[in-house]
Amino acid sequence: MEKRVTFKGWLLPVCLIAPQVFISAVFFFYPAAQAVWQSLFIPDPFGLSKQFVGLGNFEFLLTDRFYRASFLTTAIFSVLVTLVSMIPALFLAVLADRLIKGAGVYRTLLIWPYAVAPAVAGVLWLFMFNTRVGVVSWYLGQLGYDWNHVLNGGEAMGLVVVASAWGRISYNFLFFFAALQSVPKSVIEAAAIDGARFWRRFFTIVLPLLSPTTFFLLVVNVVYSFFETFGVIHTITSGGPQQSTTILVYKVFSDGFVGQDLGSSSAQSVILLIVVGLLTVVQFKYIERRVHY
Amino acid sequence: MATVTLKNVKKSFGPTDVIHGIDVEIADGEFIVIVGPSGCGKSTLLRMVAGLETVTAGDIHIGDDRANDKEPMDRDIAMVFQNYALYPHMSVAQNMGYGLKIAGLPKDQIDAKVGEAARLLQLEALLDRKPRQLSGGQRQRVAMGRAIVREPSVFLFDEPLSNLDAKLRVQMRLEIKELQSKLGVTALYVTHDQVEAMTMADRMIVMNGGVAEQIGTPLEVYESPRTLFAAQFIGSPAMNVLDAEIKDGSVRLGGVKIAPTDAADGKVKLGIRPEHLKPDPSGPIDMEVQLSEPLGANTLLHGRLRGSEEPFTASLPGVHRTSIGSHQMLKLKVASEDIHLFDPQTGTRY
């Protein structure tokens with residue numbers, strides 16, 4: 001049984017939870033309430049007056065071709081970012097786990113990219129792939145491939161996915177590495193005696209034992225790809241070309257702060273809130289049930 | 001079914017030598033217990049036979065083949081680990097059938113073999129459970145089941161009973177021994193518990209500091225231990241070892257004759273098992289009793305020899321409720337065939 005601490009009075013517990021409640025209230029509940037409130041109005045372009053439209057903003061959004069396209073873009077983007085950040089991380093962690101000498105150096109080097117801010121990472125990749133001066137695009141040109149993510153939507157998507165996932169690999173690596181270290185050695189040895197070779201052992205024993213970590217990273221990475229990739233997209237493509245990298249969060253920004261349509265932008269952030277909420281519920285309800293052994 | 005032969009097997013971790021050359025030939029179907037204190041290299045030796053540790057020098061033969069460079073899976077062995085090492089995400093049936101599945105057996109054959117092993121180990125009702133839903137003893141059985149379904153030539157046990165409570169340990173000890181003799185599979189069994197070693201072994205290897213101090217049947221080791229270490233490690237309570245000397249054809253403790261001997265004159269280590277001491281009013285051994293432990297069937301008396309600081313233990317049959325209290329003097333004797341003499345320098349038996 002879990003041991004619970006009970007307090008005699010109410011003053012101390014209130015003081016203890018007050019900072020968390022205060023921070024949530026200021027940075028989450030208040031803005032969220034504002035967004036819900038704002039989503040019911042259409043302000044004029046100068047922000048001087050606003051007109052109540054009820055659910056009009058939502059109605060407009062759900063029938064809007066561009067908004068639906070943004071949904072699809074977001075889905076593709078977040079699946080790709082999650083895969084590209086988790087699979088190499090797992091692979092690197094498996095390799096690091098096999099190392100005996102120099103594991104510390106290898107680990108440290110692998111963790112560094114996580115320290116790079118998303119916007120800086122975006123600029124870094126932008127320079128490498130710049131169509132005119134980029135090193136990588138120059139080499140691609142030498143190989144006969146004409147790289148131009150400014151015009152080609154697919155290439156733009158590829159670039160923002162790689163730039164977003166790159167720093168995350170370090171983060172995921174850390175968790176996978178720690179999880180691998182906690183897989184009991186004798187279980188692996190038992191599987192070796194049972195006749196399973198390295199990769200067979202990996203897929204039938206190690207991977208299932210990593211599933212709680214994998215699930216945790218899945219949730220965290222999906223949320224990351226939804227919200228925290230803003231900086232990367234803003235610096236590399238600004239949502240272009242032709243909205244091909246405009247994910248929902250970027251659209252909230254561009255419609256609200258660039259297009260000055262605060263009503264629609266608020267409605268979009270409310271939808272985003274609901275989507276992420278649902279996604280997390282689904283993940284916890286259906287996937288988490290299968291990861292406990 | 002196979003013989004196992006170790007020829008001058010050595011192991012070093014970097015500059016540290018942990019096993020200094022072990023030679024033993026294990027017959028087909030024999031139950032060998034490797035016993036010793038923690039850190040003596042017994043688990044390392046077993047892991048070398050399993051192929052989980054490399055062999056630094058020497059040869060390991062399983063059956064007719066040299067096994068040094070074989071992968072664990074190619075050695076035709078099965079191992080039971082101290083912490084059972086069950087696959088936590090698989091059911092009991094899947095745990096037992098994993099090796100067969102890897103080997104590519106069809107499902108109906110796997111089911112048949114798993115069912116048979118489950119019947120043997122009374123696990124039939126538990127086949128669909130996960131390891132976390134089992135008690136320690138049941139997990140132990142599943143680990144055994146996983147070992148027997150593969151029908152290996154050699155069983156390797158790495159302290160399989162040390163996580164169980166005392167009563168279950170006695171029961172499982174018998175079950176393992178029974179199962180092994182029923183299946184007739186050669187077994188190597190590592191333990192630090194000398195009772196397990198005495199009760200289960202056909203022959204035991206007493207190890208200390210990476211050296212095999214003695215290899216022999218339990219009674220051989222008990223009756224004529226080859227070294228001081230083996231003498232003190234096997235037998236409970238441990239053998240009394242005293243500084244003595246031999247003069248004029250008898251062993252003397254502080255000048256008093258204890259027993260006749262034909263060994264040459266000089267200083268010796270004298271070993272006497274507590275259970276070989278008998279009360280005798282005219283006995284040559286004078287013991288000052290400090291503490292008595294009544295166990296029912298026998299009584300352990302702890303104290304010192306008169307005029308010395310050396311601790312001394314005697315085990316007398318039956319209950320001595322009134323006759324022997326603390327700080328009493330007790331006269332004891334020992335038969336001359338029950339004394340053990342060791343070289344004080346090398347610790348080997350005379």
Side-chain angles (χ1 to χ4, degrees), chain A residues 1-2 86 90 93-94 97-104 175-219 283-293, chain B residues 13-14 43 46-53 70-91 94-105 110 129-133 139 142-150 152 154-160 163:
Chain A
M1 270 302 280
E2 195 183 343
M86 282 176 75
L90 180 57
V94 169
D97 192 42
R98 292 191 87 180
L99 268 187
I100 297 164
K101 271 186 194 159
F175 279 88
F176 277 131
F177 186 72
L180 280 171
Q181 304 261 299
S182 69
V183 171
K185 220 177 149 226
S186 59
V187 171
I188 306 290
E189 289 172 346
I193 290 175
D194 265 342
R197 285 174 204 282
F198 184 79
W199 288 110
R200 184 85 184 246
R201 283 203 299 272
F202 178 75
F203 284 110
T204 56
I205 307 288
V206 177
L207 204 55
L209 293 184
L210 292 183
S211 60
T213 304
T214 312
F215 170 71
F216 163 76
L217 288 177
L218 196 66
V219 174
Q283 282 175 327
F284 271 94
K285 226 175 151 103
Y286 294 100
I287 307 179
E288 203 201 14
R289 200 183 283 166
R290 304 181 52 186
V291 300
H292 284 286
Y293 42 79
Chain B
F13 290 111
S43 280
L46 189 79
R47 291 169 60 82
M48 287 199 288
V49 177
L52 299 172
E53 299 281 358
K70 281 190 181 175
E71 290 288 320
M73 65 186 83
D74 301 324
R75 295 190 180 198
D76 201 15
I77 51 148
M79 185 154 167
V80 177
F81 291 83
Q82 180 174 5
N83 60 5
Y84 320 132
L86 299 178
Y87 311 126
H89 57 297
M90 295 184 193
S91 68
Q94 287 170 323
N95 260 287
M96 284 163 53
Y98 182 72
L100 301 177
K101 198 175 151 193
I102 300 278
L105 248 67
I110 296 179
R129 299 249 191 114
K130 293 279 173 69
R132 70 184 152 86
Q133 298 166 311
R139 286 180 203 186
V142 177
M144 290 282 302
R146 188 171 62 183
I148 61 181
V149 289
R150 296 185 49 232
V154 183
F155 279 143
L156 304 174
F157 297 94
D158 190 6
E159 308 209 19
N163 287 354

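Letters A, B, ... are given to chains in the order of the sequence lines, protein chains preceding strands, and every chain is numbered from 1.
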*Heavy-atom closest pair, residues I77(B) and I193(A)*: O-CG2, 3.7 Å

_Quick one: does any side-chain atom of Y87(B) pair with a main-chain N or O of A191(A) as donor and acceptor, under 3.5 Å?_
yes

*For T213(A), side chain to side chain contact (heavy atoms under 4.5 Å, CB included) partners two or more places apart*: F175(A), F176(A), A179(A), L217(A)

*Using a heavy-atom cutoff of under 4.5 Å, enumerate the residues of residues 180-188 of chain A that contact chain B, numbered in order, or state 'none'.*
K185(A), S186(A), V187(A)

*Side chain of R146(B), backbone of A190(A): donor and acceptor closer than 3.5 Å?*
no

_Side-chain heavy-atom pair I205(A), M90(B) within 4.5 angstrom cut-off_ = yes

*asked:* Which heavy atom of G195(A) sits nearest to which heavy atom of I102(B), and what is that distance?
replied: O-CG2, 3.2 Å

*For R201(A), what residues pass the side-chain hydrogen bond (donor to acceptor under 3.5 Å, both in side chains) criterion, not counting sequence neighbours?*
none

*Kindly indicate whether the side chain of E189(A), heavy atoms from C-beta on, has any atom under 4.5 Å from the side chain of M79(B).*
no

*asked:* Could you work out, with ring pair (Phe, Tyr, Trp, His ring centres under 6.0 Å) as the rule, every residue matching F157(B), not counting sequence neighbours?
replied: F155(B), Y189(B)

*Side chains of T204(A) and K101(B): does their closest heavy-atom pair fall under 4.5 Å?*
no

*Where on R47(B) is there a heavy atom nearer than 4.5 Å to chain A: the side chain, the backbone, both, or neither?*
side chain

*What part of L86(B) gets closer than 4.5 Å to chain A, counting heavy atoms only: side chain, backbone, both or neither?*
backbone

_Less than 4.5 Å to any heavy atom of chain A: does that hold for the side chain of A143(B), its backbone, both, or neither?_
neither

*Nearest 0.5 Å, what's the CE-CZ distance between M73(B) and R197(A)?*
4.0 Å

*Between CG on residue L210(A) and NE2 on residue H89(B), distance to nearest 0.5 Å*: 10.5 Å

